[in-house]
Amino acid sequence: MGAQPSCPLGRRQRQQLQGQVDGMLRTFLPCYRRQLAAAVLRHISQELGPQDPAGCQLSHTKKLPRVREHQGPLTLLQGHPPQWQPTFCVLRGDGRLEWFSHKENYESGGRPLGFAALTGYTLLTSQREYLCLLDDLCPSSSGDLALEEPLRVLEEPVSFALFLVHPFRAHLCLEARPAGCAGLPERSGLLIGPSVLQRSRAPAACAFLDAVLLYRRRRGHAGGDDGILGSDAEVLSAELMRELLPGLRAQTLRSLRGAGRARARACAEFLDAVHTAVLAWASSGLRAFQPEKDALLAALERMVRADLEQILQQRALGARRIETEIQGAVEACLCQKVDPQLPQLTLALLSSVEATLRAVWTLLIQGMDRLCHYLRKNPSGTRLCREVYEFGEIPWDPELMQACYREAERNHSHLVQLAKPFDFLGMRSLVFGAQDLAQQLMAAAVTTFLQLADQCLTSALDRSQAAEQLGKVRGLVLKKFTSDSETTRWRFTRDCLLGIFWPFVWSQLGLRCNLEPPEVDGDILAMGWQVLTTEGVYRDVIQGLLLQRIDRELKKILGASDRACSLADCSVAQWVQEGAGEHLTDSGP
């Protein structure tokens, strides 16, 4: 994916890498199986348990979030020695960037000259910043400067420079023409946000992400980061690449000739070749596991539905015992580490979410008012039909949604600093989550408006009556939007705080993931895999105690209204224990 590596992998290197991928899968898949059992239990418990009385007011669309395809001319730095070469680039909806020699080659169905999946890339727009990054990766000695001649091209002034960098992928250096920049909007692809895997609430997707976090904790990495973006194979490949990266980089830099910047780019190309091979093997391993996973999910669902009451009783017994054992240690950790930072971090997150929701509110009003304006002018004109279509496309139009996305990014640096003491490096994922939230809320509001308008507007109404009816629809949609915004604000902030604090508290308590199942309660087994584990109940208890703190802070800031209290059960964090563990709620993974 990306530029061709100048150092192709040898047979011995490929065999060694394949063995490392196989070893990772042998370690990861047992974690995945256990998390599948836990995810099925959470899903069924939520499905059969008490439902949120408030619910969503807006009609949420069943369409998957879409990203429009973009295309335009870009100049790409490629070749050996590297030179700026004109290309025609296409950014696919799945975040895959392809480049062709000419637009005609693309339109005739020709194969691209190259491509790169942009998940996990970082966009730099400063030549100086990119050159500094190369120097940091591989510093040059004074005697090496004369050898840098092939990369002098990077020091030449470039207009509208775009540098896409990745820890273990080939760098992409692009120059956009002013008109071309509009064709490749930043949010819609250059930094890819949540994929279907991260958006999904299906048990298999939740179990996979939980298994990745468990896999990391077993390797001593407790804090959150941005490494869970992309497909399942991309996430697993990134995990292994991060483990191998220090050794690979040191080994590669020693074997490469040339000066600092040239060696840094060559090293990135070699790592890209390694990642391509790792991704292919990880994809193959997960495909081979698919039939077993499907059979296990079906068996788990049958077993859990049959024995749900017994399982929940066992879990409650275990939770009460564990809470008695660890509550003092958890409370001490929360008082010393979490409480001093919780108010400031909560306010900062709320501020970011509220600004994003205000931008969505403003854009929604503008769109509805525009439709009302054209209805009054000509209720049956072709212009009105076009305006209705464009209104329906607002959530998928990155240029129109850009103001909402910028608000979600505005406090990014401040939030990074606030979360740093908790070893949390996943703030970009939270920003993507807020942007995704803005898109979903706008899509729900647009869908609701069009549905209600279709119900009340009939051919029997004259222009004045139609405008009056549409005005009533506008007011009703804004009322529903306000209700769902309150729900969204509480839920998203709560989930973010849990994601930041929970891994830190777990690591501070010194709990390990190889705990034995509780002897008193025993385990319920399904096809050899545990539905209830000690580690899972420990997690539930700790998260429950932590969420009590978070809910108390949110109620202090937002007010303890009846509606706010009901939202406590809507979090993405799952299996939270309330009180002494006698009542269980499910609120996502």
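Note that the coordinates shown come from a computational prediction; the quantities given were computed from them, not determined experimentally.
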Any [X] side-chain heavy atom under 4.5 Å of [Y] side chain:
X	Y	result
Trp396	Gln439	yes
Thr493	Leu558	no
Leu478	Leu364	yes

[X]/[Y] ion pair, N-O < 4.0 Å:
X	Y	answer
Asp484	Arg491	no
Glu47	Arg305	yes
Glu354	Arg489	yes
Glu553	Arg549	no

[X]/[Y] aromatic ring centres below 6.0 Å:
X	Y	result
Tyr215	Phe208	no
Tyr32	Phe289	yes
Phe424	Phe504	no

message: Under 3.5 Å, is there a donor on one side chain and an acceptor on the other for Glu409 and Gln435?
response: yes
Quiz item: Just checking, is any N or O donor in the side chain of Thr356 or Glu407 under 3.5 Å from an acceptor N or O on the other one?
Solution: no
Check your understanding: Around Lys337, counting heavy atoms of other residues, nucleotides and ligands shown, do more than 12 lie under 6.0 Å from its NZ?
Key -> no
- [ ] Using the side-chain hydrogen bond (donor to acceptor under 3.5 Å, both in side chains) rule, take Gln336 and Gln508 through it: C-alpha gap first, then chi angles, then the decisive distance, then the call.
- [x] CA-CA 11 Å; Gln336 296 170 14; Gln508 288 291 302; over 6 Å; no
- Message: Over 60° means perpendicular and under 30° means parallel, so tell me whether His275 and His166 are parallel, tilted or perpendicular.
- Response: tilted
- Donor-acceptor contact present, side-chain Ser483 to main-chain Lys479, <3.5 Å: no
